[in-house]
There are 2 protein chains.
Amino acid sequence: MNKQNVADADSGPKMKPRRLHPEERRQQIIDEAVAFFAEVGLDGKTRDLAKKIGITQSLLFKYFATKDALIEAVYEQVYLNRLSSEWTHRIVDRSVPLRDRILAFYSDYSTLIFEYNWMRIFMFSGLAGAELNRRYLDHMHQMILRPLLEEILVASPNTVTPTMEDLWNLHGGIVYIGIRQHIYRMPCPDDPNEAIERSVDRFLKAFSVATP
Amino acid sequence: MNKQNVADADSGPKMKPRRLHPEERRQQIIDEAVAFFAEVGLDGKTRDLAKKIGITQSLLFKYFATKDALIEAVYEQVYLNRLSSEWTHRIVDRSVPLRDRILAFYSDYSTLIFEYNWMRIFMFSGLAGAELNRRYLDHMHQMILRPLLEEILVASPNTVTPTMEDLWNLHGGIVYIGIRQHIYRMPCPDDPNEAIERSVDRFLKAFSVATP
DNA sequence: AATACTGTTGATCACATGATCAATAAACCG
DNA sequence: CGGTTTATTGATCATGTGATCAACAGTATT
């Protein structure tokens with residue numbers, strides 16, 4: 001892959017290969033851009049990004065026609081495969097106890113979204129009104145929360161049943177952990193799974209779904 | 001484009017005078033700046049703001065030495081008195097049933113924060129790392145959630161008691177309604193009080209605190 | 001080694017942006 | 001009215017910013 005990354009006749013400690021293959025360079029730019037825009041926002045300046053990468057600003061425009069195109073690539077990288085349809089299948093798999101399904105989902109999902117870059121870029125793009133956000137949240141609604149509501153309705157024995165709004169409330173309470181951590185930079189529990197578990201159990205208990 | 005010039009000989013209805021008293025003008029600028037920065041973010045350009053107000057960009061700098069000073073004034077206007085200490089008193093007033101106290105608080109609080117300008121400026125400033133945000137959230141912790149936790153502990157008869165993290169979860173689930181509405185611009189219930197009530201009742205039920 | 005190819009640079013353009021200041025005109029006052 | 005004050009403007013400065021391009025230098029090919 002990298003031919004002369006470290007083993008170079010160098011006079012300095014860090015000697016990056018001056019010249020990369022386009023695919024490599026492009027990916028490098030995207031990766032760095034994700035971290036960069038996550039930190040400073042989508043109004044971050046191309047010169048600052050280039051400086052951080054260690055290339056010239058003009059090189060950015062050899063790989064992306066405009067800054068918007070670069071941001072699109074950032075979106076793509078960050079949003080891609082963030083919502084797998086496999087989750088839907090596991091949520092409706094009634095061979096597994098409902099509580100386990102919910103906990104399994106939020107355990108996976110939280111490790112995926114409680115991440116600095118994702119959390120912040122999602123918030124920045126949301127504030128900017130990006131269509132991608134509504135698409136994502138609609139996806140969340142259709143692929144996760146709606147099936148989940150159906151499962152709870154089936155599993156709930158009594159007449160007190162949750163609404164979709166209740167599910168958004170459950171979801172929001174959990175997501176808010178990540179917001180506190182990465183947007184507001186507040187001290188948060190190292191392992192959010194405990195809080196998630198308690199939250200889910202309170203929710204299920206309210207509708208008399210079996211919890212241990 | 002100039003809609004305000006024509007008025008001074010005209011004694012008709014309240015036409016904005018071209019020339020305002022400094023206090024008035026200053027307040028007008030702040031008010032418009034709040035709405036403006038809430039919409040486009042703190043990187044909004046002074047020329048766009050001036051155009052929206054209907055004044056010249058240079059006039060802004062007669063009232064605020066720098067753009068940062070203007071943003072500070074925006075913060076002040078938006079954050080000021082957002083957390084009243086009166087709420088603490090009402091939360092610990094044990095002559096009122098606990099459930100009523102909680103619902104009363106979140107009913108008031110939600111009408112205060114489920115507002116476009118507040119929600120978005122809070123999020124923008126949070127992303128920008130403003131110290132004000134952490135101060136505000138610390139205030140929320142000390143003045144609201146901590147007393148509230150104490151009240152619930154007292155009122156809860158059994159050994160299953162909430163933690164502070166549980167309270168943040170309750171809080172986050174409610175706040176998330178406003179985030180969905182104003183940050184992500186998703187369709188939300190017209191009256192959030194119903195969802196709030198259900199959320200609070202689920203919470204209290206989990207700790208066997210009396211609910212109707 | 002010589003040559004062609006192309007990833008990369010440094011200079012530069014055109015315009016945007018925060019900030020400044022002398023000139024202007026609306027309000028105030030005698 | 002006439003004169004003073006000052007809120008407001010229009011022009012302007014210095015720098016920032018996205019984008020462009022000819023020239024350069026590392027790599028591969030012959």
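Given the structure is predicted, the values throughout are model-derived calculations rather than measurements.
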Report yes if a side-chain nitrogen or oxygen of B/Arg18 is closer than 4.0 Å to either non-bridging phosphate oxygen (OP1 or OP2) of C/dA25; otherwise report no.
no
According to side chain to side chain contact (heavy atoms under 4.5 Å, CB included), who are the partners of A/Ala206, at least two apart in sequence or on a separate chain?
B/Arg202
Summary of side chain to side chain donor-acceptor pair (under 3.5 Å) pairs that have at least one residue in residues 137-146 of chain A, sequence neighbours excluded
A/Gln142-A/Arg146
Between B/Tyr176 and B/Arg180, a side-chain donor and acceptor under 3.5 Å
no
Let me know, please, whether B/Ala65 or B/His21 comes out on the 5' side of the other along DNA chain C by nearest nucleotide.
B/Ala65
Can you pull every protein N or O that's under 3.5 Å from an N or O on nucleotides 16-18 of chain C?
{"from": "C/dG18", "atom 1": "OP1", "to": "B/Lys67", "atom 2": "NZ", "distance (Å)": "3.3"}
{"from": "C/dG18", "atom 1": "OP2", "to": "B/Thr46", "atom 2": "N", "distance (Å)": "3.0"}
{"from": "C/dG18", "atom 1": "OP2", "to": "B/Thr46", "atom 2": "OG1", "distance (Å)": "2.7"}
{"from": "C/dG18", "atom 1": "N7", "to": "B/Arg47", "atom 2": "NH1", "distance (Å)": "2.9"}
{"from": "C/dG18", "atom 1": "N7", "to": "B/Gln57", "atom 2": "NE2", "distance (Å)": "3.4"}
{"from": "C/dG18", "atom 1": "O6", "to": "B/Arg47", "atom 2": "NH2", "distance (Å)": "3.0"}

Whole-Å distance, B/Ile53 CD1 to D/dT9 P, equals 11 Å
Residues 124-134 of chain A side chain polar contacts: donor-acceptor under 3.5 Å, at least two apart:
{"from": "A/Ser125", "atom 1": "OG", "to": "A/Tyr79", "atom 2": "OH", "distance (Å)": "2.8"}
{"from": "A/Ser125", "atom 1": "OG", "to": "A/Ile121", "atom 2": "O", "distance (Å)": "2.9"}
{"from": "A/Ser125", "atom 1": "OG", "to": "A/Phe122", "atom 2": "O", "distance (Å)": "3.1"}
{"from": "A/Ser125", "atom 1": "OG", "to": "A/Asn133", "atom 2": "OD1", "distance (Å)": "2.6"}
{"from": "A/Glu131", "atom 1": "OE1", "to": "A/Arg134", "atom 2": "NH2", "distance (Å)": "3.4"}
{"from": "A/Asn133", "atom 1": "OD1", "to": "A/Tyr79", "atom 2": "OH", "distance (Å)": "2.7"}
{"from": "A/Asn133", "atom 1": "OD1", "to": "A/Gly126", "atom 2": "N", "distance (Å)": "3.4"}
{"from": "A/Asn133", "atom 1": "ND2", "to": "A/Phe122", "atom 2": "O", "distance (Å)": "3.0"}
{"from": "A/Arg134", "atom 1": "NH1", "to": "B/Tyr184", "atom 2": "O", "distance (Å)": "3.3"}

Rounded to whole Å, please give me the gap between CG in B/Leu59 and P in D/dG10.
11 Å
Separation of atom CD in B/Glu23 from atom C1' in C/dA27, rounded to whole Å:
15 Å
Report the residues that fulfil side-chain hydrogen bond (donor to acceptor under 3.5 Å, both in side chains) with A/Asn193, sequence neighbours left out, ordered by chain and then residue number.
A/Asp191
Taking atom C1' of C/dT20 as reference, at what distance in whole Å does atom CZ of B/Phe64 sit?
18 Å
Find the distance A/Leu42:CG to D/dT17:P and express it as a whole number of Å.
15 Å
Any side-chain N or O of B/Tyr63 under 4.0 Å from OP1/OP2 of D/dA7?
no
Output every pair passing side chain to side chain donor-acceptor pair (under 3.5 Å) with a member in residues 35-51 of chain A, not counting sequence neighbours, ordered by first then second residue.
A/Thr46-A/Gln57
Any chance you could lay out the ring pair (Phe, Tyr, Trp, His ring centres under 6.0 Å) test for B/Trp118 and B/Tyr75, step after step, and finish with the verdict?
CA-CA 10 Å; B/Trp118 158 259; B/Tyr75 282 166; over 10 Å; no
Between the protein and nucleotides 3-5 of chain D, list every N/O to N/O distance that falls short of 3.5 Å.
none

Taking the side chain of B/Ser58 as heavy atoms from C-beta outward, which of D/dA25, D/dT8, D/dG10 is closest to it?
D/dG10
Gap between atoms CD1 and C1', on A/Ile71 and D/dT17 respectively (whole Å):
13 Å
Between atom CZ in A/Phe36 and atom C1' in D/dT17, what is the gap in whole Å?
12 Å
Which residues share a ring pair (Phe, Tyr, Trp, His ring centres under 6.0 Å) with B/Tyr106, sequence neighbours left out:
B/His171
Could you list the residues that satisfy side-chain hydrogen bond (donor to acceptor under 3.5 Å, both in side chains) with B/Arg99, not counting sequence neighbours?
B/Glu197, B/Asp201
Distance in angstrom units between A/Leu20 CG and D/dT27 C1', rounded
12 Å
